[in-house]
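Inspection log for the structure reproduced underneath, given as structure tokens.
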2 protein chains.
Amino acid sequence: MSLAFAEAESAGRRGEVPIGCVIVDQSGTIMARAGNRTLELKDPTAHAELLAIRDAAAKLGSERLVGLDIYVTLEPCAMCAAAISFARLRRLYFAAGDEKMGGVEHGPRFFNQETCHHSPEVYGGLSEARGQTLLKDFFRTRRD
Amino acid sequence: MSLAFAEAESAGRRGEVPIGCVIVDQSGTIMARAGNRTLELKDPTAHAELLAIRDAAAKLGSERLVGLDIYVTLEPCAMCAAAISFARLRRLYFAAGDEKMGGVEHGPRFFNQETCHHSPEVYGGLSEARGQTLLKDFFRTRRD
């Protein structure tokens, strides 16, 4: 998760919403790491999770990331939760919940829907304070 | 919608699930068109809608597609519905509902969630029979 936070902080320094993630295989090898790049790439889908999933899938040469785990600094939104499901990721770890945009424990609760055909094991709230503080500091700075 | 169906049929000929979409501006100019390419690109996020949204955003040089409309042959899944929201698309037209994977009128009903901060106008079921038949024929052929 510390690498995911490093990606989040790096995204924040680029002016992006500071969210980062890392995808690892079962031996702990890093398959992909990314931070948000929606502004830089002019791409509304360029959330950290989607960028990392696409990168890992390209590296593996498969649209399915069976057995791999994803670490994210914030609860994924519905778009990213669905992508995690489609990619067949094994486990989702996230640092802080997201009442405003979250799609796992809030709003659509995608993995609990009958239209969700693969759910990862979910481990949320692992670094609630750090995840929340990073975002709050970012938005406070932007308001100043 | 006929162009979206052409994209869907083209995707089917490539062995992909036959779903297609088109994004147009208010004058009717086509900004992007795409069919599913998840297998070809080895990318679980390469649904028709996401490819078209990314293409249109790249062309416009903006991560927001304000005022643009999207036509899809099938009800978007939760991933694509959320991307449509993030892209600020004005209207969503889709041909057929999707009980199994749909995220607009089924399952997560993303646009009805409090965590959804922009909803397009939605016009569904425009060519229910054609949209359903295309998919059923595709899956029947694969089972044979």
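Each chain gets a letter, A, B and so on, in the order the sequences are listed, and its residues count up from 1.
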From [X] atom [atom1] to [Y] atom [atom2], the distance as rounded to the nearest 0.5 Å:
| X | Y | atom1 | atom2 | value |
| --- | --- | --- | --- | --- |
| A:K59 | A:D55 | NZ | CG | 4.0 Å |
| A:R90 | A:S119 | CZ | OG | 15.5 Å |
| A:N36 | A:E49 | CG | CD | 7.0 Å |

Handout entry: Under 3.5 Å donor-acceptor, A:H117 side chain and A:F86 backbone
Key = no
When you measure from the side chain of B:T115 to the backbone N and O of A:K100, does any donor-acceptor pair fall under 3.5 Å?
no
If you tally heavy-atom pairs under 4.5 Å between each of A:A57, A:A56, A:A58 and chain B, the highest tally belongs to A:A57
Ranked by heavy-atom pairs below 4.5 Å to chain B, first place among A:R88, A:R109, A:E114, A:M101 goes to A:M101
Chain A contact residues among [range], heavy-atom distance under 4.5 Å:
| range | value |
| --- | --- |
| residues 1-28 of chain B | none |
| residues 37-47 of chain B | B:T38, B:L39, B:K42, B:D43, B:P44, B:T45, B:H47 |
| residues 64-79 of chain B | B:C77, B:A78, B:M79 |

Among B:P108, B:C80, B:G61, the residue with the most heavy-atom pairs under 4.5 Å to chain A is B:P108
Check whether any side-chain heavy atom of [X] sits under 4.5 Å from a side-chain heavy atom of [Y], and report yes or no.
| X | Y | result |
| --- | --- | --- |
| B:F94 | B:E105 | yes |
| B:L92 | B:Y123 | no |
| B:Y93 | B:R91 | yes |
| A:S85 | A:H118 | yes |
| B:F138 | B:L134 | no |

Q. Is there a path from B:V122 to B:I53 through hydrophobic residues (I, L, V, M, F, W, Y) whose side chains come within less than 4.5 Å of each other?
A. yes
The interface call for A:E63 against chain B, heavy-atom contacts under 4.5 Å, is both
Please say whether more than 12 non-hydrogen atoms of neighbouring residues, nucleotides or ligands are located less than 6.0 Å from CD in B:E99. no
Hits for side chain to side chain donor-acceptor pair (under 3.5 Å) against A:E128, two or more places apart or cross-chain, chain-then-number order -> A:Q132
Apply the test side chain to side chain contact (heavy atoms under 4.5 Å, CB included) to residues A:F110 and A:I84: give CA-CA distance (whole Å), side-chain angles for both, the deciding distance (0.1 Å), then the verdict. CA-CA 10 Å; A:F110 181 74; A:I84 287 167; over 6 Å; no
